[in-house]
Every structure is written in C-alpha cells, then in structure tokens.
Q: 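Structure below; questions to follow.
Not measured: the values here are computed from a predicted model. To find a chain, count down the sequence lines: A is the first, B the second, and so on, and within it residues start at 1.
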There are 2 protein chains.
Amino acid sequence: MLEDNRATADDFEEEAPSTPTNNASTTTTSRLPKGGKTNDAFAELMKPKPKLPAHPREPDKRTQQTRFMGRDGLAAYTTNPASFPRDRVVQYDDDFVVIRDLYPKATIHLLILPRDAEKNIHRGQEAFDDVAFLERCQTKEKEVRDWVAEELRSKFGKVSVSELARRQAMEADAPPANGELPPGRDWEREVISGVHAIPSMNHLHIHVLSRDMMSGWMKKSNHYLSFTTEFLIPLDAFPMDKGDWRRQFGHWSDADMKCWRCGLNLGSGAPGMRRVKAHLKEEFEEWKEE
Amino acid sequence: MLEDNRATADDFEEEAPSTPTNNASTTTTSRLPKGGKTNDAFAELMKPKPKLPAHPREPDKRTQQTRFMGRDGLAAYTTNPASFPRDRVVQYDDDFVVIRDLYPKATIHLLILPRDAEKNIHRGQEAFDDVAFLERCQTKEKEVRDWVAEELRSKFGKVSVSELARRQAMEADAPPANGELPPGRDWEREVISGVHAIPSMNHLHIHVLSRDMMSGWMKKSNHYLSFTTEFLIPLDAFPMDKGDWRRQFGHWSDADMKCWRCGLNLGSGAPGMRRVKAHLKEEFEEWKEE
DNA sequence: TATTCCGATAGTGAC
DNA sequence: GTCACTATCGGAATGAG
Ligand SMILES: Nc1ncnc2c1ncn2[C@@H]1O[C@H](COP(=O)(O)O)[C@@H](O)[C@H]1O
Ligand SMILES: Nc1ncnc2c1ncn2[C@@H]1O[C@H](COP(=O)(O)O)[C@@H](O)[C@H]1O
Ligand SMILES: [Zn+2]
Ligand SMILES: [Zn+2]
C-alpha cells in the first residue's frame, strides 16, 4: 500500500511575485556600464535576477548523496530503500521501489524502480522482452497510477467542479459508504506513465506523473518533449516488435512543442519553452477546475 | 602640434597576480550544487573571479556620454572637440580631430577623425575616392604616426638598447644640438595605421597605434585579427580600384591568429586568444628592449 | 532524452 | 569587425571531513 506523503513538485517556489515597484516603474534596461555612483541607486532596482535555489529546501542528506552518483543516481534507491526517508521513497517491496522524482516535472511525479539487478540495467525496450517481468511492472504501474490519481483528487478535488457531488456527499450529515460515493472526477485519466525511449539515468525506471507539466523543474524543451511525444513509451507498447522503430529512437532536432491540453503549437527551443511555461500556467488553472 | 598627454592603454590594470594559495591548493572542482552549509567555507576559496571593472578609472563625464551613442559615439568629437578634456581629444583643427581611442587595443592607440560631415559618414573605401581629401588624411596620418613614435620613445626609450647611444649623448655634459643627436631606435617602424575594412563605428576614423597589441581591451580574437590582417587597410592602398576585393570584404569565419612579431600560429577563437595574450606578454618584454 | 557549473557563443540596444 | 548585458549553448564532472 502506498503511503501518503504529500511533498510534491509545487513546493518548488516560483519566482517571488514582483512588487509593483519592480516591474512597473522601469520597463527599459540599460546595457551600458553601471558607471559612477550616480547609477548605483538606479542599478539597484534593475534585475540582478535573484537566481532561484536549486531546491526550495535542500533534500535530506541521504538523498543528496544520490545526486553525486551522476547517471547512477537511481541505484541506491533499489539497493537500500530503507536508508531513505519516507518522503522520498514512497514504497518498496522485494521487486520494486517507488520514489518521488527528485526533479519532478509535474505536480506529482513518481518513479517505479524495478530492483532485479539483472533487469534494471537495461532500457525498457530490452528489459520488457521478458514478459513475466513486464507483467509485474504493468501491475505495479497500474497500482501507482491509481495512487497518483488519488493524490490528484486530494490535491485539487476541492476546486474541481466534477468533484462537487462527491464532495457534498462526503460532507453530508450521513455520508454514504465508501463504495456508494459518487465517483467524482476520473483523475486517472490525468495521469501519464511509461519509460523514456532514451533514458539518461542508467537504472530502469517507469515514470508515473500528472499530465499538467507544471513544475519549476520543467525548464528545457527536452523536458517537455520527453513527456508529450512518443519519446514517452507506455508499457502497453511492450513487448516491442524486434523491428519497432522505437528500439532505435533517433535524437530529435528541435521539434515544436504543443500544448498537451489544447494542442496549440508553441514553437521550439528556449523561446518556445518560455511560451510553454506561460501558456501552461493558464491551462493549469482551468484544468484543475474541470 | 600634438600635446603630450600620457594617459594610455596600460593604465588598464591587468589581473592581479594570483597568490600561491589561489591556484595551487585545489585543482579539482565540483559541478554539483553547493548544497548545505558544510560547503560554504570550501566554496569560499573557489574562484568567484572578481571581474575587472570596465575602465580602471571611469573616464570624464563628457566622454562617458559618447558611450551612450552606440555606433555614433565618434560623432560628438568631430562636432564639438572643445567640449572634451585634453587627455581624450589630443588635437584638433578645422579638418581633423585626433582622439585617444576609448578602448585602446595597444599601449598607444589614437584615432584620426576627419570632420567633413559629407565625407566622414562613409567608409574609407568610398571616402578616399576623393583624392584631395585622401591626401589631407595621409598628411595628417604621417604627422600622427610621428607623434606616436615619439610617444613610444619617451615611454620605452629608457629600456631600449637601440636608444643607448642617443640616451648617453643626451645625458652627456655637452649634449649635441637636436639635429646632431644619434637617431636612436626607429620607433615609427613600430607604428601601424589604417582603416578597418568593415568599421563598426559610423564615422570615418583612421587608427594609429603601436603594434604591440598589449592592452586590457584587447579581449576578443576579432580585436586581434582586425589589426593584424588585411582587415586593417593602410592609407596607401587608396584610392582603391573599383574592383578591389576589399571593397566587398567578406566576414571572416574564425581565422587563426599569428604573433605579429614572430609569426607563431596561436590558433583561433577564445582559446587562441588566451594563447595570444600569454605569448604577447613575453614578446612585449623583448620588443620594448630592442 | 539526469543536474550543475563554467565558459564560449549570439543577439540586442544604446536614456 | 563599438561595448555591455543577457540568454543560450556546449562540454565536463559527478565531495571530501
Ligand atoms: N538522484 C535522483 N533521485 C531521484 N530522481 C532522479 C535523480 N536523478 C535524476 N532523477 C530523475 O530521474 C529521471 C530520469 O529520466 P530519464 O532517464 O530521462 O528517463 C528524471 O525525471 C530525473 O528527474
Ligand atoms: N565612444 C568612443 N570614444 C572613442 N573611441 C571609441 C568609442 N567607441 C568606440 N571607440 C573605438 O573606436 C574604434 C572603432 O573601430 P572600428 O569601427 O572597428 O574601426 C575602436 O577601436 C573602439 O575602441
Ligand atoms: Zn493549451
Ligand atoms: Zn611571437
């Protein structure tokens, strides 16, 4: 059973809301040397851009250690899950460890780590040729998807109109039995999962995350594309045909990013990513309230 | 007659000599987040690289104003030379203003600015089609070259072995008349001059500078190449044939830089530029003492 | 399609 | 091939008391 440790991606603090003085008073910026003392007060107002800390609060020491293992940073979770605090290792058994992604790319972002050391050094494309192994992973994936769905409900249920009937029933004087509750919003539909066609981390991991893509860690176009294109391969694509093109996934050049919700093309590269961030912020508000 | 205001490029302070502690103690550096408070003292030692001020001392206010005119920054000198202090405007008459380059690329670096507003908005390739105008410029150029040569003599004469006889004669009990002095080193040979094939500043200017290329403003490979290749066009190349290739000078890609003194190829780009700076520092010492 | 730091590279504006 | 600022890109390293 998955515990309910609700420290998630939106702990990442977005840029501090700018005071009126900050962006109202002066819209132009000088490119010339800050010069003598006349400009000092002036320059004071100009954006040194405080440069956000990597993590809002630094993670625990044990988790920090994993960051120094580079691309092998997931190994320690699989070999010694008990050494991690429960807000990072959400659940584990002999076969799997479920962790919170240390750099979540959505409001909720978990990773399922298979522990079998023979299997977990391969990509999904190879590891999932073993159908028995695959099926265990699929079962776990389903379980975690459900859990993420519940996490979404508890996080956004109170602003979601689809939850209204269920909410009212629960708050009624005589709440119905659990099975009798109105189902509310189908949050499982808002969960995506799968493996990356070209993982960067060396140990097999299945992403399970909310589809909102709202996180301070969602910084680069690669990040966005990796969860919104065929680069994210769902587990029902396995076992994969020997000739399937995703076994030799090519590197993408600089593909356009499309809004996951409305399909709007937001362009590519860093400029596109700025548009994505701005656009998703608005979509997010609507999406929560569906 | 040119005044003798000896505030020159080597006022630019080179980087402070690094203390032994600075580069000896630790050669490895971590690329991972500085993390908790344990690292603070450690990180303290690591190179924040103080980032030199643009100018050693900020220039006078009037001269600072020219920097806010971008590529038109030379115009004010030609229209109102009297408004500048004499350490910036070295000399002027109805036809020319001679200034110190605000970002000198050599120990001595002057600019000759023709004042004729009909002429000075064109590149040399066009302006010097007017032969009468060209000849006035060439006369002035010669005068300024001689002046720079004298400036070099007074700056480096006392360490130059070629100056020895002259120096001794001058310090003798009965110094000979001026015309009778031993000539000493031919410093005019150490002066280069001309116009850039593709100027960045909009008003016609003739560079007259010592060939040492020693200056804190000599930062980018473009800077170096612009004074050590055919990009610097001497005035005797004018008037230029209609079909001369320098009338449509192409952009250079990333040409190798060669030591102006020994011809050594020092490579291209920023790495090459670092080698140039290091190599020239040694050449400079020898060159002064020739 | 790990993160972080650093340095090199581009693109803009110039009060 | 202005300068100065900023953002972007590209590689290297991946604690250590
Ligand atoms: N030390 C770590 N602990 C937990 N998650 C990590 C760590 N390092 C990287 N990650 C996450 O692992 C995922 C690897 O993605 P990928 O290899 O592209 O499938 C990314 O979502 C990272 O945020
Ligand atoms: N405001 C300024 N005052 C004096 N010299 C300047 C100013 N701005 C740029 N320069 C110099 O003008 C020269 C222009 O070079 P170029 O246009 O390439 O021939 C460079 O050597 C600059 O250092
Ligand atoms: Zn949209
Ligand atoms: Zn040399």
Side-chain angles (χ1 to χ4, degrees), chain A residues 26 28-35 39 42-43 46-49 54-55 64-74 101-103 105 111 123 195-203 205 207 217 219-227 229 231-233 249-252 255 269-271 273-274, chain B residues 26 28-36 38-39 41-43 46-47 49 54-55 65-74 101-103 105 111 123 195-203 205 217 219-227 229 231-232 249-252 254-255 269-271 273-274:
Chain A
T26 326
T28 58
T29 71
S30 171
R31 302 304 151 84
L32 285 164
K34 297 293 184 289
N39 318 10
F42 182 73
M46 306 310 292
K47 36 180 159 187
K49 192 145 194 193
H55 285 270
Q64 281 205 57
Q65 289 172 8
T66 69
R67 300 197 299 186
F68 290 89
M69 329 223 63
R71 302 178 115 97
D72 291 326
L74 300 183
D101 194 296
L102 188 51
Y103 312 100
K105 306 303 189 295
L111 301 177
R123 306 183 303 165
V195 296
H196 277 163
I198 305 175
S200 288
M201 298 300 276
N202 289 333
H203 296 81
H205 51 280
H207 294 270
W217 293 106
K219 295 176 177 173
K220 304 192 300 180
S221 54
N222 289 351
H223 293 152
Y224 188 76
L225 291 165
S226 78
F227 292 110
T229 66
F231 192 84
L232 180 68
I233 310 179
F249 201 101
H251 292 230
W252 58 55
M273 197 56 197
R274 270 197 305 275
Chain B
T26 324
T28 58
T29 71
S30 169
R31 304 302 148 87
L32 283 164
K34 297 292 186 288
T38 63
N39 321 10
F42 183 73
M46 304 313 291
K47 36 181 162 187
K49 193 143 192 193
H55 284 270
Q65 291 172 6
T66 68
R67 301 198 298 187
F68 288 88
M69 329 227 62
R71 301 175 111 98
D72 292 326
L74 300 182
D101 193 296
L102 188 51
Y103 312 99
K105 306 302 190 295
L111 301 177
R123 307 183 302 165
V195 296
H196 278 163
I198 305 175
S200 288
M201 299 300 278
N202 288 332
H203 296 81
H205 50 281
W217 293 107
K219 295 175 177 176
K220 304 193 300 181
S221 54
N222 288 348
H223 293 154
Y224 188 75
L225 290 165
S226 79
F227 291 109
T229 67
F231 192 86
L232 180 69
F249 202 100
H251 293 231
W252 58 57
D254 203 17
M273 198 55 196
R274 270 197 304 275

Q: Expressed in angstrom and rounded to an integer, what is the separation of Arg67(A) atom CZ from dT14(D) atom C1'?
A: 11 Å
Q: Only counting residues at least two apart or in another chain, list the ones meeting side chain to side chain contact (heavy atoms under 4.5 Å, CB included) with Ser200(B).
A: Arg71(B)
Q: Over how many whole Å does the gap from Asn202(A) atom CG to dA2(C) atom P extend?
A: 12 Å
Q: What is the distance, rounded to the nearest whole Å, between atom OH of Tyr103(A) and atom C1' of dT14(D)?
A: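 Distance check: Tyr103(A) OH to dT14(D) C1' gives 10 Å.
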Q: Between Ser200(A) and dA2(C), does any side-chain N or O lie under 4.0 Å from OP1 or OP2?
A: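 So the side chain of Ser200(A) is within the cut-off, an N or O lying under 4.0 Å from OP1 or OP2 of dA2(C).
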Q: Nearest 0.5 Å please: distance from the CG atom of Asp254(B) over to the CG atom of Asn222(B).
A: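 One gets 8.0 Å once the value is rounded to the nearest 0.5 Å.
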Q: Of the nucleotides dG1(D), dA4(D), dT2(D), which one has an atom closest to the side chain of His196(B)?
A: dG1(D)
Q: First locate atom NE2 of His196(B), then atom CZ of Phe249(B), and finally report the distance between them rounded to the nearest 0.5 Å.
A: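 Interatomic distance, His196(B) NE2 to Phe249(B) CZ, rounded to 0.5 Å: 10.0 Å.
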Q: Rounded to whole Å, please give me the gap between NE2 in His203(A) and C1' in dT14(D).
A: 15 Å
Q: For dG17(D) versus dT3(C), give the span between their P atoms, rounded off to a whole number of Å.
A: 25 Å
Q: If I take atom CG in residue Leu74(B) and atom C1' in nucleotide dT2(D), what distance separates them, rounded to the nearest angstrom?
A: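 Going from CG in Leu74(B) over to C1' in dT2(D) covers 8 Å.
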Q: How does DNA chain D look in dot-bracket notation if pairs are Watson-Crick or G-U with both distances under 3.5 Å, crossing ones as [ ], other-strand ones as |?
A: .|||||||||||||...
Q: How close or far is atom P of dA4(D) from atom CG of Leu102(B), stated in whole angstroms?
A: 9 Å
Q: Taking OP1 and OP2 of dT4(C), is either one under 4.0 Å from a side-chain nitrogen or oxygen of Lys219(A)?
A: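 Yes, within the criterion.
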Q: Heavy atoms only, 4.0 Å cut-off, all strands: where does Gly250(B) land among base, sugar-phosphate and nothing?
A: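 Base, at least one base heavy atom under 4.0 Å.
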Q: Side chain of Ile198(B) only, heavy atoms from C-beta on: which candidate in dA4(D), dA14(C), dG1(D) is closest?
A: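 The nucleotide sitting nearest to the side chain is dG1(D).
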Q: Check for a donor-acceptor pair, side chain of His207(A) on one end and backbone N or O of His205(A) on the other, with a separation under 3.5 Å.
A: no
Q: Could you go through nucleotides 8-11 of chain D and list every protein N or O atom that sits under 3.5 Å from one of its N or O atoms, giving the distance for each pair?
A:
unit_1	atom_1	unit_2	atom_2	d
dT8(D)	OP1	Arg274(A)	NH1	2.2

Q: Looking at CE of Met201(B) and CG of Leu102(B), how far apart are the two atoms once the value is rounded to the nearest 0.5 Å?
A: 8.5 Å
Q: For Phe231(B), report the nucleic acid contact type (base, sugar-phosphate, nothing); a contact means any heavy atom under 4.0 Å.
A: base
Q: From Leu74(B) CG over to Met69(B) CE, what is the distance, rounded to the nearest 0.5 angstrom?
A: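 Output value for this atom pair is 11.0 Å.
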Q: Send over the distance from Lys220(B) NZ to dA4(D) C1', rounded to a whole Å.
A: 10 Å
Q: Rounding to an integer number of Å, can you tell me how far Phe68(A) CZ sits from dT14(D) P?
A: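 It works out to 10 Å between those atoms.
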Q: Categorize Tyr224(B) for me: base, sugar-phosphate, or nothing, with a 4.0 angstrom heavy-atom threshold over every strand shown.
A: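 Since no nucleic acid heavy atom lies under 4.0 Å of Tyr224(B), the category is nothing.
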Q: Tell me, do Lys105(A) and Tyr224(A) make a side-chain contact under 4.5 Å, heavy atoms counted?
A: no
Q: To the closest 0.5 Å, what do you measure between CD1 (Ile198(B)) and OG (Ser226(B))?
A: 11.0 Å
Q: Which part of the nucleic acid does His251(B) contact within heavy-atom distance under 4.0 Å: base, sugar-phosphate only, or nothing?
A: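 Contact class for His251(B): base.
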Q: With the side chain counted from C-beta on, respond yes when Trp252(A) and Thr229(A) share a heavy-atom pair under 4.5 Å apart, and no when they do not.
A: yes
Q: Would you indicate whether the side-chain heavy atoms of Tyr103(B) and Lys219(B) approach each other to under 4.5 Å?
A: no
